[in-house]
Asks: 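Just passing along the structure, written as structure tokens.
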Amino acid sequence: MSASHAPVPLYAFAMPDLLANLNPEQYAAVTLPDESALIVAGAGSGKTRVLTTRIAWLIEGGRVSPSGILAVTFTNKAAREMMTRLGAMLPINTRGMWIGTFHGLCNRLLRAHHRDAGLPSAFQILDSADQLSAIKRLLKANNIDDEKYPPKNLQYFINGAKEEGLRASRVDANDAFNRRFVELYAMYESQCEREGVVDFAELLLRSYELLDSNRALRAHYQQRFSHILVDEFQDTNRLQYAWLKLLAGEHSAIFAVGDDDQSIYAFRGANVGNMLDFEREFAVRHRIKLEQNYRSHGNILDTANHLISRNSRRLGKDLRTDAGAGEPVRVYEAATDQQEANWIVDEIRALLDQGMSRSEIAILYRSNAQSRVVEHALVAAGVPYKVYGGLRFFERQEVKHALAYLRLIDNPDDDTAFLRVVNFPTRGIGARSLELLSDTARLHQCSLAAAAPLLTGKAGAAVASFMRLIEQVRAETAPLNLPETVEHLLAASGLNTYYEQEREGQERLENLQELVNAAAAFAAEEGYGRDVPARSLPMAPGASAAPALTDDSDAVEVIDAGAPLVRQMTPLAGFLSHASLEAGDNQAQAGQDAVQLMTVHAAKGLEFMAVFISGLEEGLFPHENSAVEIDGLEEERRLMYVAITRARERLYLSFAQSRMLHGQTRYNVRSRFFDELPADTLKWLTPRIEAGARWGGARDNAGWGRDWFAPPSHIETALADKQRAADTGYRTGQTVFHNKFGEGTIIGLEGSGTDARAHVSFQRHGAKWLSLAVAKLQIVD
DNA sequence: GCCGGGCTAATTTTT
DNA sequence: TTAGCCCGGC
């Protein structure tokens, strides 16, 4: 019998320990009754601690068994952290618990119920790059002009639609261009279906639909997960919110933790509004604010509080600290970006001399391109540094090649994988042969692998020999465990030989060997014995195939009584999922103790003793593109807020009068954020010159962006006429022209009057929400 | 099939 | 400025 039916207190006597050292707000949050609650957790307020302690407290008090918990995060790192901390608090095995990322948990769900979800048992996950190449292939196969329908945009469009919960059949299409997009979306869906692959958004949407359409399954999970805990709630998109709501049902309690002031991912679909929707729709009675900050000194917090108070529509929050005021926030104005970089390096050297370690120092910037100057200065000064945001392990080409072979072994219909390695290493299968093959496949509506035997002639022979290779590797690896399978494949595929002969192949070879290690580590971590073949399900017969859950309640029991659901995956399928869902470390160089360089976005969730925020110039930070985005300036301000609150003791702000950008010297004005910071926490190292004095005339905050992107007057006039003509004058499906982003299609409209917004899918810039009052959109007929 | 020149575009990013 | 992509030539 599963533990879920008999929750038993584990260590009742340990409870005081668990709750010791919590401040009153934290305590209140952790010990809330069994109903939905919103925890507004400020930066550095012990958010993760509250989340994990809440879980521990629920389990310990016998309110729920570990299997009744579902805890969801956005990143694998956060999920791991939660499991580690929980494991330290309670003597339980956290591995079997449903703690993971949205995508990871959805993957688990779909593996367990792949049949009900309409997926093959060995379905594979496309990462963004795979998805893009699948889309390119789709366009090519159907002779579609990729100038007119850029693959990137189609990808954006498809993912955007999925994240709104919309299948192609339900997307609005009013003009020919838009209809074509929807049509391509539908074709993409059937291509994925045929190949047995799902993209990231599909994991979410598919599992949402699975629960939505299958009453028994839904009831089962709703009942099972009586407590759902969500981290970084402000980052959830609409589909994730809907998914949570569906899973919670009528009776489960959602413990949502988030910070509206740290919402910086609107551009990828995050909807802060989910916080208020949640309060309303779940009749939340408890909103608890965690405002006690354990990270930063007073001056730093005051600076952050003051800045963010400028934002409207906040839930409202002021961070406080028991630490003293500490050092003032130092501000430096440089003549050039190079001088700015040199100053930063000088200050860093002073900090290092004082004994601060390099890894406690971070240099933050708004966009990646800004790292170059700083890197130069660091190299010149001989200061070791680490840049975050490079290629990750599973994204390296040699690793992707190897994974493609593994995928083919598991699922030969995976055309993305097929095309990636059919001629790598080269085996004389050129573009001509592949064209023939893909024509054949299209004709028979089948995968490339399935079409291979139908191909005749020289091309047919070459492809057949490749298929024999795959077949042979498949047979040879049947008895092998996961790392052995990878090892064998590296040899049999010719990848090893290829990189051995390659002049600069040494590092790639090492990465391939590292892949074997990663496979071994994965197998060990998941508890697969060395004798478990990579493509077998180590379960009792009968339970190996996930029972199809229909409206038969007996079948539901089988799942609960069986082994953990993760075992519904073979080691290989699990490893491939792992590779797609967790691309690995995001750091370029490995260096031991190094100064940390990253974008502000990448710094979210981290903290450092000393933080430098560089490039604080109008157009850069706040970024000029944000000017035309809905609430763009407020999001930039939140971004600045996140940046400031990363610092524990030292905070340095800097900007440069001129900066090399896009090969040209740009002359910038200091960021408006300086005018929004409190004067008494700042210490100007260079003379502070009042805004406007240098450039003549005050800046117009209200018209953020208006001057910069004013379209030609004839467009403005035409637009004004149309706006006067009827309401906003826009409708979805219309093709519009934007002065900066070019042509796009309106895929959604919201609000009215000055608040009216349009969701526009641009051909070259992706989908953006634009304020109709600010952005000038010309209707193209 | 590979190399290199020319063209283009250049926020932020996890899964 | 520079990185990535495409196309043309060998």
Side-chain angles (χ1 to χ4, degrees), chain A residues 72-79 100-107 125-132 136 146-147 150-152 156 159 162-163 198-205 231-232 235-237 239-240 263-270 337 364-373 376 388-390 392 394-395 423-434 577-584 586 598-605 615 619-629 632 635-636 638-640 642-643 659-666 740-742 763-766 768:
Chain A
V72 60
T73 63
F74 277 87
T75 64
N76 293 297
K77 196 176 157 204
T101 62
F102 278 100
H103 296 85
L105 295 177
C106 286
N107 182 39
I125 302 166
L126 302 183
D127 66 20
S128 307
D130 294 334
Q131 185 189 30
L132 188 62
K136 283 181 180 165
D146 60 2
E147 299 268 299
K152 276 243 171 61
Y156 219 94
N159 291 340
K162 286 187 179 184
E163 278 162 16
V198 299
D199 56 52
F200 287 138
E202 185 70 23
L203 285 171
L204 258 302
L205 183 53
D231 190 20
E232 305 278 18
D235 288 339
T236 50
N237 63 33
L239 180 56
Q240 286 159 339
S263 166
I264 56 172
Y265 285 115
F267 71 90
R268 64 176 199 212
D337 49 350
L364 310 184
Y365 34 79
R366 175 66 237 266
S367 60
N368 288 302
Q370 289 168 250
S371 76
R372 181 161 286 111
V373 218
H376 260 289
Y388 283 72
R392 286 126 102 221
F394 287 111
E395 291 168 354
N423 198 33
F424 191 96
T426 48
R427 37 178 82 89
I429 303 175
R432 190 77 204 99
S433 308
L434 290 177
S577 292
H578 170 78
S580 299
L581 293 176
E582 185 165 6
N586 209 307
M598 65 191 85
T599 63
V600 180
H601 282 93
K604 190 176 166 217
L620 253 191
F621 199 0
H623 198 280
E624 56 194 20
N625 286 2
S626 72
V628 288
E629 284 162 13
E635 176 127 330
E636 295 290 304
R638 288 192 291 270
L639 200 48
M640 182 63 183
V642 167
R659 176 177 300 274
M660 195 61 123
L661 202 68
H662 307 333
Q664 284 185 321
T665 305
R666 265 180 50 153
K740 186 171 171 74
F741 301 124
Q763 295 178 30
R764 314 200 72 84
H765 295 263
K768 289 176 187 299

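A quick note: this is a predicted structure, and the numbers were derived from the prediction, not measured. So that the names make sense, note that chain A is the first sequence line, chain B the second, and so on, each numbered from 1.
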Asks: Would you say the base of B/dT12 stacks on A/Phe267 (centre-to-centre below 5.5 Å, plane angle below 30°)?
Replies: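 Stacked: centres under 5.5 Å apart, planes under 30°.
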Asks: OP1 or OP2 of B/dT13 sitting under 4.0 Å from any side-chain N/O of A/Thr599?
Replies: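 Yes.
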Asks: With the side chain of A/Arg366 defined as its heavy atoms from C-beta on, choose the nearest nucleotide among B/dT11, B/dT15, B/dT13.
Replies: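 Among the listed nucleotides, the one closest to the side chain of A/Arg366 is B/dT11.
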Asks: Quick one: A/Leu639 CG to B/dT12 P, roughly how many Å, whole number?
Replies: 11 Å
Asks: So, are A/Arg366 and A/Glu636 salt-bridged, with charged N and O less than 4.0 Å apart?
Replies: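 Yes, A/Arg366 and A/Glu636 are salt-bridged.
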Asks: Can you build the contact string for nucleotides 1-10 of chain C? Use B for base contact, S for sugar-phosphate-only contact, and - for no protein heavy atom under 4.0 Å.
Replies: BSS-------
Asks: Please give the distance between the C1' atoms of C/dC5 and B/dT12 as a whole number of Å.
Replies: 23 Å
Asks: Mind checking A/Asn76 for me? I need base, sugar-phosphate or nothing, with any heavy atom below 4.0 Å counting as a touch.
Replies: sugar-phosphate
Asks: Using whole Å, report how far OH of A/Tyr156 lies from P of B/dT12.
Replies: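 Roughly 12 Å, once rounded to whole Å.
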Asks: Rounding to a whole Å, what distance do you find between A/Asn159:CG and B/dT13:P?
Replies: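 So the two atoms are 17 Å apart, to the nearest Å.
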Asks: Just by distance, no angles: are the side chains of A/Ser626 and A/Glu629 close enough, under 3.5 Å, to form a donor-acceptor pair?
Replies: no
Asks: Would A/Val72 and A/Gln240 count as a side-chain contact (heavy atoms from CB on, under 4.5 Å) here? Give the steps.
Replies: CA-CA 10 Å; A/Val72 60; A/Gln240 286 159 339; over 6 Å; no
Asks: May I have the distance from A/Lys77 (atom NZ) to B/dT13 (atom P), rounded to whole angstrom?
Replies: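 That distance rounds to 14 Å.
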Asks: Tell me whether the ring of A/His623 lies stacked over the B/dT11 base, given a 5.5 Å limit on centroids and a 30° limit on the plane angle.
Replies: yes
Asks: Return the minimal non-hydrogen interatomic distance between A/Leu434 and A/Ile429, and the atom names on each side.
Replies: CD2-CG2, 3.8 Å
Asks: Return the value, rounded to whole Å, for the distance between atom CZ of A/Phe74 and atom P of B/dT14.
Replies: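 Taking atom P of B/dT14 as the reference, CZ of A/Phe74 is at 13 Å.
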Asks: Looking only at atom P, what distance separates C/dG4 and B/dT13, rounded to whole Å?
Replies: 15 Å
Asks: If you only use heavy atoms from C-beta on, which nucleotide in B/dT13, B/dT14, B/dT11 is closest to the side chain of A/Arg392?
Replies: B/dT14
Asks: Given that A/Glu582 and A/Gly430 both sit by DNA chain B, which one's nearest nucleotide is further toward the 5' end?
Replies: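 Looking at the nearest nucleotide for each, A/Gly430 comes out on the 5' side.
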Asks: Below 4.0 angstrom, N of the basic side chain to O of the carboxylate: do A/Asp127 and A/Arg392 qualify?
Replies: no
Asks: Is A/Ser580 touching bases, backbone alone, or none of the nucleic acid, heavy atoms closer than 4.0 Å?
Replies: nothing
Asks: Give the C-alpha distance, both sets of side-chain angles, the deciding distance and a yes or no for side-chain contact (heavy atoms from CB on, under 4.5 Å) between A/Asn159 and A/Phe200.
Replies: CA-CA 8 Å; A/Asn159 291 340; A/Phe200 287 138; over 6 Å; no
Asks: For A/His601 and B/dT12, give me the distance from atom NE2 to atom C1', rounded to whole Å.
Replies: 4 Å
Asks: Nearest to the A/Thr426 side chain among B/dT15, B/dG1, B/dT13, which nucleotide is it?
Replies: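 Closest of the options to the side chain of A/Thr426: B/dG1.
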Asks: Give the rounded distance in Å between these two atoms: CD of A/Glu635 and P of B/dT13.
Replies: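 One finds 13 Å between P of B/dT13 and CD of A/Glu635, rounded.
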Asks: Ignoring the backbone of A/Asn368, work out which of B/dC2, B/dT15, B/dT12 is nearest its side chain.
Replies: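 The answer is B/dT12.
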Asks: Check every atom of B/dT14, B/dT12, B/dG1 against the side chain of A/Thr75 and return the nucleotide holding the closest atom.
Replies: B/dT14
Asks: Classify the side chain of A/Ser128 and the base of B/dT15 as holding, or not holding, a donor-acceptor pair under 3.5 Å.
Replies: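 Between B/dT15 and A/Ser128, which were checked side chain against base, a qualifying N/O pair under 3.5 Å is present.
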Asks: Specify the separation, in whole Å, of atom CD1 of A/Ile264 and atom P of B/dT11.
Replies: 17 Å
Asks: Please report the closest heavy-atom contact between A/Met660 and A/Asp337, naming both atoms and the distance.
Replies: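 That would be N-OD2, 3.1 Å.
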Asks: I would like to know whether A/Glu232 and A/Thr73 meet side-chain contact (heavy atoms from CB on, under 4.5 Å); could you show each step before the answer?
Replies: CA-CA 7 Å; A/Glu232 305 278 18; A/Thr73 63; over 6 Å; no
Asks: Return the nearest nucleotide to the side chain of A/Asn423; candidates are B/dT15, B/dT13, B/dG1.
Replies: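 Nearest listed nucleotide: B/dG1.
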